[in-house]
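First the structure, in the form of structure tokens, and then the observations on it.
Since the structure is predicted, the reported quantities are computational estimates derived from the model, not experimental observations. Per chain, numbering begins at 1; letters A, B, ... match sequence-line order.
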2 protein chains.
Amino acid sequence: MQDAVLAMLAKEPSHGYDLHARLRRSLGPLGESMNRGQIYVTLARLERAGLVVCERADGLPERPERKVYALTPAGQRRVAAWLSEVGWPKPDLAEFHLKLAAAAAARLADPVELVAAQRRELLRRLREAQQTALAESAGSGAGLLLEGVALRLQADLRWLDACERAWSAVDDEVGGG
Amino acid sequence: MQDAVLAMLAKEPSHGYDLHARLRRSLGPLGESMNRGQIYVTLARLERAGLVVCERADGLPERPERKVYALTPAGQRRVAAWLSEVGWPKPDLAEFHLKLAAAAAARLADPVELVAAQRRELLRRLREAQQTALAESAGSGAGLLLEGVALRLQADLRWLDACERAWSAVDDEVGGG
DNA sequence: TTTTTTATAGATAACCGCTATCTATTGGCC
DNA sequence: GGCCAATAGATAGCGGTTATCTATAAAAAA
């Protein structure tokens, strides 16, 4: 979030409302859930950290008071560092994995049924993503993002197959032993 | 996190250090980065929310003072709700997508080169995950998790291919126009 | 025997991402 | 005049996470 805002300011100084709108446009349908207030929280933190400055609160009194932010040298360095990083979010499969283990351990639910329910949900989301992608103009940036979402969902569905096999085997052991 | 802790307490009341150790074991190599202090933060917040209670701070004075937590009825309801949910973390591809867009817009880096660097990194991580999976005993819970990680990385690599195609086309337009 | 390290057990301050919610103005529309 | 949408900003608070701190007991090294 911070890095994305800084990178947008690297192109040109701008104010919060505009940055929010650009972010939403850039993310397409996936950006619709973005909160308006968040951009101001982020800008305030970046200012406190000395990465941006509010350069004009408008000499010419434009109707809605707008604060235009610009990068400081430290902010420019941070943008350069971000672009040279090759970070990647760690896959967040732990939650479901813990859910299966906890359900089995506490005997509160059947892991195989949890997997089945989850598969139905991911299939629903996959269809949804593919429909949304069709609605997007082909080749648009948001379409590319939706393609990534779909690829991930397909990988996760294959993982659910592996989970089902593994937990079915556990059930057999328990049932047969 | 909160839900995972609650679900472990659903099996049997326990204290923070033990919960932390069980979580780490359950996640295998991926749990090694877990912070010790976090469990206490989580337990304190769960207690404040009335989902757990500290039932004994030890009548028999065991050497290290330990606080044993147990679920409240509200906590049990929350565990049941968690198990019946079919939530799934939203794919976190936005950051890289924004990085490409920002780099191109501010002319700070070549998107195609960013994609190439990212692909090298993901290939490295994929090899790493596969090696770690081999080291894990086959069929173990942690091995299953690593299989999911590998499947995701493969999907992400395919997405990077799509990114490269898309941004190469943009370069051609700019270069040719 | 003394010292150091490791495991056990807990806590706190602070940061970041995010949401819900609030204020205020401008301009269009009925 | 009254109402609604768009523009613009701000704040309180939650949850995840990290870094850092305090202790004690057992095991290993000096």
Side-chain angles (χ1 to χ4, degrees), chain A residues 1-6 13-25 27 30-52 54-58 60-69 78 82 87 89-95 98, chain B residues 1-6 13-25 27 30-52 54-58 60-69 75 78 82 85 87 89-95 98:
Chain A
M1 190 68 226
Q2 292 197 18
D3 291 304
V5 170
L6 288 172
S14 186
H15 58 97
Y17 195 89
D18 181 53
L19 289 168
H20 172 71
R22 279 158 69 190
L23 271 175
R24 285 195 61 158
R25 247 173 288 144
L27 295 177
L30 277 68
E32 271 156 31
S33 61
M34 272 200 50
N35 190 289
R36 263 163 285 109
Q38 204 200 320
I39 195 73
Y40 301 107
V41 178
T42 302
L43 284 170
R45 286 171 180 168
L46 290 174
E47 188 172 23
R48 180 161 50 90
L51 299 173
V52 303
C54 176
E55 49 176 27
R56 3 158 217 163
D58 257 351
L60 42 150
E62 298 195 35
R63 281 73 63 194
E65 294 156 28
R66 47 172 65 164
K67 289 182 168 185
V68 175
Y69 289 89
R78 176 113 172 223
W82 183 58
K90 286 179 203 154
D92 202 8
L93 303 164
E95 187 190 335
L98 292 172
Chain B
M1 188 70 225
Q2 292 198 24
D3 292 304
V5 170
L6 288 172
S14 185
H15 58 98
Y17 196 89
D18 181 54
L19 289 168
H20 172 70
R22 281 159 67 191
L23 270 176
R24 286 194 62 158
R25 246 173 290 145
L27 295 177
L30 278 67
E32 272 155 33
S33 62
M34 270 200 51
N35 189 287
R36 263 163 282 106
Q38 204 199 324
I39 195 74
Y40 302 107
V41 178
T42 302
L43 283 170
R45 286 171 181 170
L46 289 174
E47 189 171 23
R48 179 162 50 89
L51 298 173
V52 303
C54 177
E55 50 176 27
R56 10 161 209 159
D58 256 353
L60 42 150
E62 301 195 33
R63 282 73 63 194
E65 293 157 26
R66 45 173 65 167
K67 289 181 168 185
V68 175
Y69 289 89
R78 189 131 151 206
W82 183 57
E85 272 170 22
K90 287 179 203 156
D92 203 5
L93 304 165
E95 188 190 336
L98 292 172

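Separating the CG atom of B/D3 from the P atom of D/dC14 is a distance of 17 Å, rounded to the nearest angstrom. Straight-line distance from the CG atom of A/L46 to the P atom of C/dC15: 14 Å, rounded to whole Å. Following rounding to the nearest Å, A/E47 (CD) and D/dG9 (P) show an atom-to-atom distance of 12 Å. With rounding to whole Å, A/I39 atom CD1 is found 16 Å from D/dT11 atom C1'. As a whole-Å value, the separation of B/H20 NE2 from D/dT18 P is 11 Å. Per the geometry, CD belonging to A/E32 stands 16 Å off P belonging to C/dC18, to the nearest Å.
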message: Checking B/D3 against A/L98 for the side chain to side chain contact (heavy atoms under 4.5 Å, CB included) test, could you report, in this order, the C-alpha distance in whole Å, the side-chain angles of both residues, the deciding distance, and whether it holds?
response: CA-CA 9 Å; B/D3 292 304; A/L98 292 172; over 6 Å; no
- request: Start with the C-alpha distance between B/W82 and B/Q2, add both sets of side-chain angles, then the distance that settles side chain to side chain contact (heavy atoms under 4.5 Å, CB included), and finish with yes or no.
  value: CA-CA 10 Å; B/W82 183 57; B/Q2 292 198 24; over 6 Å; no
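Put simply, B/Y17 has no side-chain N or O that comes within less than 4.0 Å of OP1 or OP2 on C/dG10.
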Give each protein N/O atom lying under 3.5 Å from an N/O atom of nucleotides 11-14 of chain C, with the pair distance.
from   : atom 1 : to    : atom 2 : distance (Å)
C/dA11 : OP1    : B/K67 : NZ     : 2.4

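For the pair B/Q2 and A/H15, nearest-nucleotide mapping onto DNA chain D gives the more 5' position to A/H15. Each of A/K90 and B/R48 lies near DNA chain D, and the nucleotide nearest B/R48 is the one positioned closer to the 5' end.
Across B/C54 and B/K67, no two heavy atoms sit closer than the pair SG-CB, 3.7 Å. The two residues B/S33 and B/L30 come nearest to each other via the heavy atoms OG-O, 3.8 Å.
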Side-chain donor-acceptor contacts of residues 34-45 of chain A below 3.5 Å, not counting sequence neighbours, with atom names and distances?
from  : atom 1 : to    : atom 2 : distance (Å)
A/N35 : OD1    : A/G37 : N      : 2.8
A/T42 : OG1    : A/Q38 : O      : 3.0

